[in-house]
Amino acid sequence: MIDALIYGALILLLIATAIGMARTRSLFAVVALGGIYSFLMALALLVLDAVDVSMTEASVGAGISTVLLLGTLYLTRLHETLPIRLSPAPLAMSVITGLALLYGVVHLPPFGDPSTPMHRHVAPRYLEDVVRETGVPNAVTAVLASYRGYDTLGETTVIFTAGIGVLLLLRRRRRQPSDGKDKAGR
Amino acid sequence: MSLIVDTASWLLILAGGFFCIAGAFGILRFPDLYTRMHAAGVLDPFGVSLILAGLMLQAGLTLVTVKLAILILFLGLTSPVACHALGRAARHRRLKPLLAAKEDR
Amino acid sequence: MFAAAVAALVVAIALVLVRGFLGPTVYDRVLAANTIGTLAVGLMAAHGFLNDRPEFLDIALVYALLNVLSTLAILKFFRFGSLGDPEGIEPPPTEPRR
Amino acid sequence: MMHREAIPRVVVKLLIPFLLLYALYVQFHGELGPGGGFQAGVIVATAVILYGLIFGLAEAKRIVPPRLIEVLVPLGVVIYAGVGFAGLLAGGNYLDYFVLDPDPVHGQERGIFWVEVGVLVTVSSTMTAIYYAFSGRGR
């Protein structure tokens, strides 16, 4: 009961923060509000008992994301330029996407419903056998690293690829300081 | 004995909650950045740390209490530094305190 | 009792969030973000006690340790105009208005 | 220069050892509580970034050289994939931990440990590399 109240309050605050971010034109302010959004998100995930996800959100959102966004701001400009005229196509596109997502959410099973296939087929086996098979009490870690080891290998490779991509892009630019784009960005 | 501990932790949590809300009102209502930082200075060490101290009394002598103590220590270490850095940055950018200028809010 | 603490913290977060929206300068918003981070630490601890699972303090510890980084990064950015060099010679970026 | 930011310097100096220690705690306690390789990697990267912010990028690069970072980014993936090949060599399937030790449960623990180490290495070095790349650029 009280958890539902806290969760509702946090969701309202999250929506308010998102609207505030959309309405703010100074990108610095958006970075600061993004930090607030991340705090609230970690709290909401904690209330939902998703401890590991909340920990990830906390560790990434509290520091690193702000630093990386500031680094990006340094390379671009600090204000969002308003579009000259209102174009209806992107608006219609986002409205349609939002409605489709809402339609999908309506048909999700209730939160924590034990009769869903997810809770009847794979999850009980993991939860019952995890300590006997792996000796690791935290089922999330065991699923990530052992039962679903291939997926995590893929994720690690994705992070690796992202790092390599950023390094390649930003490095090549630095070696050619007389590049036309670099001057335009000054 | 347990009654005394309970009452003490009640008082600490109530005081902490009061300081939190008072500090939040200060951050919302004070006229400029520097005065708002005063309010944040009330909220950070007093509000949250008092609540954490009250929780410590509830937890008894366990690992949780140690973690809460570490939490209070780090909050006391980092949030004044953040405030200090913020004030320095604002002053560096020539943000004037507007205590006298009443027309602005 | 824990519910009272949680309620107070949620109300405080909501109030500070309003300052984060209004905050005329960017510093007000950063102050609001920093304060909400501190309040989130308290809320995480109190919520853990509310549900009798105080081991979730680990996440609160992450926040208490990492919350200072973003504020220091913003200080660096404003004073020296770059994230890396403490003696950056370039002029800092232009002051953003609201 | 020393006196201009005395307070952040002193506190960050105090804070960084605790950050690294806490990253180790998150890494190895991830089997019992929340956390794991990814979160620990982010915390390690945060320690490096904090150092770079306060003491300067050149100083951070002196302690954690970019060359080392460039080695560590692929090394984590190699560790992870190497655990898989170890499973193959021991006679099981790829990423099969049961064969890593005579006792299957120990094998699982060993496999999860090294996999998490691989994730830690890749995540921390990638985050640091991105920070270096972004802040090392002139405008």
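Computed from a prediction, not measured in an experiment: that's the story for all the values here. Each chain gets a letter, A, B and so on, in the order its sequence line appears, and its residues count up from 1. Basis for what follows: all heavy atoms, side chains included, without hydrogens, waters or symmetry-related copies.
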Structural part of [X] lying under 4.5 Å from a heavy atom of chain B:
{"X": "N34(C)", "answer": "side chain"}
{"X": "V18(C)", "answer": "both"}
{"X": "F2(C)", "answer": "side chain"}

Largest heavy-atom contact set with chain C, pairs under 4.5 Å, which of L63(B), I70(B), V48(B), T62(B): V48(B)
query: Of all of V11(C), L65(C), V30(C), which one pairs up most often with chain B through heavy atoms under 4.5 Å apart?
result: L65(C)
- prompt: When you check the gap from the basic side-chain N to the acidic O, do R19(C) and D28(C) get nearer than 4.0 Å?
  reply: no
task: Please determine which of T38(C), V68(C), L69(C), N67(C) meets the side-chain contact (heavy atoms from CB on, under 4.5 Å) test together with T78(B).
output: V68(C)
query: Excluding sequence neighbours, so at least two apart, what forms side chain to side chain contact (heavy atoms under 4.5 Å, CB included) with A12(C)?
result: C20(B), A24(B), L39(C)
- prompt: Can you check whether D58(C) reaches K67(B) side chain to side chain, under 4.5 Å on heavy atoms?
  reply: yes
- prompt: Given a strict heavy-atom distance threshold of 4.5 Å, which part of F18(B) is in contact with chain C: side chain, backbone, both, or neither?
  reply: neither
Show me the donor-acceptor pairs, under 3.5 Å and distance only, between side chains in residues 51-61 of chain B and residues at least two apart or in other chains.
{"unit_1": "Q58(B)", "atom_1": "NE2", "unit_2": "D6(B)", "atom_2": "OD1", "d": "2.9"}
{"unit_1": "Q58(B)", "atom_1": "NE2", "unit_2": "S9(B)", "atom_2": "OG", "d": "3.0"}

